[in-house]
Structure formats: structure tokens, C-alpha cells
Amino acid sequence: MKKINYLLLLSTVVMLFAASCGKNGAPGPQGSTGPTGPTGPTGTIGPAGAIGPTGATGATGTANVMYSAWITPATYAKTTVFGSFHFDANIAATKITQDILDKGAVIVYGKLDGYVTTIWPTNQVSPLPIVITYMDGSSADIDTWSANVTLGNIEIDLVSSLNAYGSISNAHQFRYVIIPGGGLVAAARLHINLKDYNQVKQAFNLQD
């Protein structure tokens, strides 16, 4: 009977040991990597921001326009050409270059305050040539003021159809405006009438 009990005891111990090893055995080998999951959906692009308002138009530039002060010739030289008296005064203008003569423009404006106001209103400005017709007694006199523009110089010229003058008043005033080629393009684009002194004065910011 003792032998049987020992055998039973031994087999019980063996079974308990086996059960213990089954629960706490060494980890098995690492399994293979599973397949890559599907790519998620692409996110949507947010809405574009609103466009800001257009800025105000800037002031017109002077386009390198040059101009003189009002010039009052002190004296006029008198010459006779084909029987007509010419009264001439020269105004030096060194900024009139050959490039200006070829591509730009020189506008000469007159303020002929040497006349009585019934013939020429005070401070009225017009571009040369200026033609004035008025009665001298019973005869009509035609005064023609013109400007001969050359390299570095402007010659003011007066001719009276009746040769009515022995000398010229020094109350007449003139100013010139030099507009390079680019300025002429800008003036045309902006529809500036170069014969209208007030338009030119405003467009190119002329200061009296």
C-alpha cells in the first residue's frame, strides 16, 4: 500500500509540474508584419480669401516736364524783313536739347498784358502763336506773336500788319514748358489739351 501511495504522489507532482510549465513557458516567435492599411481620404482645401478693394489712383506725375518762370523781356530788337517790322526778344533755355527738339515739345505761353484790357484781358494766357486783330483808327491791325524754338533758345517775335509800332511794351510776359517724348505720350493718353494752359498747369503741376 505504501508503494502505491508513493506512485500516486509522484504522478501527482509530475502532473502539477507539467501544468505549471504550460502556463509560464517561454514566449513564442514574433509573428510577421500585417499588411499596410488603406490610405485615408485627402483633406479638402479651404476657401480662398476675399480680394481687397482697389487702391485709389495716384496723382499724375510730372513726367520730367520742365518749365520756366514768367519772363518779361526788357527790350525787343527791331528788324525789317520784306518791308515788315519784326520785334524780337531772345530767351535762353539751356534745357532745350536736341533730343527735346527731335522727340519732345516746347510750348511757349504768352500773357500779353501790354495791351489795353479791351484787346487782351489781364492775366489771360494762350499758347503762341497768338494772332490778335483790332481796329487802329479806321484800319484793322493784325498782330502776330510767334515763338521760334531752337537749341537752347526761344525767340519771341511780333509782327504788326500795319507796322504800327515804334517799340514794344515790356509788360508782356512769356513762359515755356518743355515736355520730353514720354510726357507727350502721357499727355495723349490722359487727353490733355496742350493748348489749354489750365489743363497743362494742373496735369504737370506747374507753379506760378
Side-chain angles (χ1 to χ4, degrees), residues 60 62-97 100-101 104-180 183-184 186-188 190-208:
T60 304
T62 59
N64 296 321
V65 168
M66 298 164 281
Y67 59 93
S68 72
W70 285 103
I71 299 168
T72 305
T75 58
Y76 293 79
K78 181 180 178 181
T79 59
T80 303
V81 180
F82 299 118
S84 295
F85 297 159
H86 286 254
F87 294 88
D88 300 318
N90 288 294
I91 297 173
T94 57
K95 292 182 180 179
I96 300 177
T97 62
I100 292 295
L101 294 175
V106 179
I107 307 168
V108 181
Y109 296 95
K111 188 158 49 174
L112 306 179
D113 291 344
Y115 288 100
V116 296
T117 56
T118 54
I119 296 176
W120 189 271
T122 302
N123 291 325
Q124 176 175 297
V125 179
S126 293
L128 275 62
I130 297 172
V131 178
I132 302 173
T133 301
Y134 65 96
M135 296 303 296
D136 184 5
S138 59
S139 302
D141 186 23
I142 302 173
D143 287 356
T144 302
W145 293 85
S146 56
N148 181 28
V149 178
T150 56
L151 190 66
N153 189 75
I154 298 170
E155 182 186 62
I156 304 297
D157 178 76
L158 168 65
V159 177
S160 162
S161 63
L162 295 179
N163 284 340
Y165 305 110
S167 61
I168 300 298
S169 167
N170 64 355
H172 303 299
Q173 300 179 68
F174 306 92
R175 85 181 311 179
Y176 59 84
V177 178
I178 301 173
I179 306 177
L184 288 179
L190 297 173
H191 304 291
I192 299 170
N193 180 4
L194 299 180
K195 293 183 179 181
D196 187 324
Y197 177 71
N198 289 325
Q199 281 193 32
V200 171
K201 182 179 178 180
Q202 182 177 6
F204 297 116
N205 194 28
L206 306 188
Q207 302 297 316
D208 283 327

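No experiment lies behind these values; they were computed from the predicted model shown. Every heavy atom of this structure was used, including side-chain atoms; hydrogens, water molecules and symmetry mates were not.
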Does some side-chain heavy atom of [Y] sit less than 4.5 Å from a side-chain heavy atom of [X]?
| X | Y | value |
| --- | --- | --- |
| Trp145 | Ile156 | yes |
| Val159 | Phe87 | no |
| Ile154 | Asn148 | no |

Calculate, to the nearest 0.5 Å, the distance between atoms [atom1] and [atom2] belonging to [X] and [Y] respectively.
| X | Y | atom1 | atom2 | answer |
| --- | --- | --- | --- | --- |
| Asn170 | Ser167 | CG | OG | 9.5 Å |
| Leu190 | Phe204 | CG | CZ | 8.0 Å |
| Leu101 | Thr150 | CG | OG1 | 7.5 Å |
| Met66 | Thr94 | CE | OG1 | 9.5 Å |
| Gln202 | Ile192 | CD | CD1 | 9.0 Å |
| Ser160 | Asp136 | OG | CG | 7.5 Å |

Provide the closest heavy-atom pair for [X] versus [Y] in the form atom of the first, atom of the second, distance.
| X | Y | value |
| --- | --- | --- |
| Ser139 | Leu162 | CB-CD1, 3.9 Å |
| Ser161 | Ala140 | OG-O, 4.1 Å |
| Asp157 | His86 | OD1-ND1, 3.0 Å |
| Val200 | Asn193 | CG2-O, 3.8 Å |
| Pro180 | Ile100 | CA-CD1, 3.9 Å |

Side chains of residues 116-135: which donor-acceptor partners sit under 3.5 Å, not counting sequence neighbours?
from	atom 1	to	atom 2	distance (Å)
Trp120	NE1	Gln124	O	3.0
Tyr134	OH	Asp141	OD2	3.0
Tyr134	OH	Tyr165	OH	2.5

Check residues 67-81 and write down every donor-acceptor pair under 3.5 Å in which the side-chain atom is one partner and the other belongs to a residue at least two apart or another chain.
from	atom 1	to	atom 2	distance (Å)
Tyr67	OH	Gln207	N	3.2
Ser68	OG	Tyr176	N	3.0
Trp70	NE1	Asp208	OD1	3.4

Worksheet entry | Residue pair Leu206, Tyr109: steps toward the side-chain contact (heavy atoms from CB on, under 4.5 Å) verdict | CA-CA 13 Å; Leu206 306 188; Tyr109 296 95; 5.6 Å; no
Discussion item. Run Ile178 and Ile96 through side-chain contact (heavy atoms from CB on, under 4.5 Å) and show every step you take.
Written reply: CA-CA 7 Å; Ile178 301 173; Ile96 300 177; 3.7 Å; yes
Worksheet item: Listed by chain and number, what are the side chain to side chain donor-acceptor pair (under 3.5 Å) partners of His172, not counting sequence neighbours?
Response: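 His172: no side chain to side chain donor-acceptor pair (under 3.5 Å) contacts found.
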Discussion item. My understanding is that only residues two or more places apart in sequence, or in another chain, count here; which of them pass side chain to side chain donor-acceptor pair (under 3.5 Å) with Asn90?
Written reply: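 Listed in chain order: Asn153.
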Discussion item. Working note: Val177 + Leu194, criterion side-chain contact (heavy atoms from CB on, under 4.5 Å); need CA distance, chi angles, decisive distance, verdict.
Written reply: CA-CA 10 Å; Val177 178; Leu194 299 180; over 6 Å; no
Practice prompt. Keeping the roles fixed (side chain from Asn163, backbone from Phe85), state whether a donor-acceptor pair exists under 3.5 Å.
Written response: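 Between the backbone of Phe85 and the side chain of Asn163 there is a qualifying donor-acceptor contact (under 3.5 Å).
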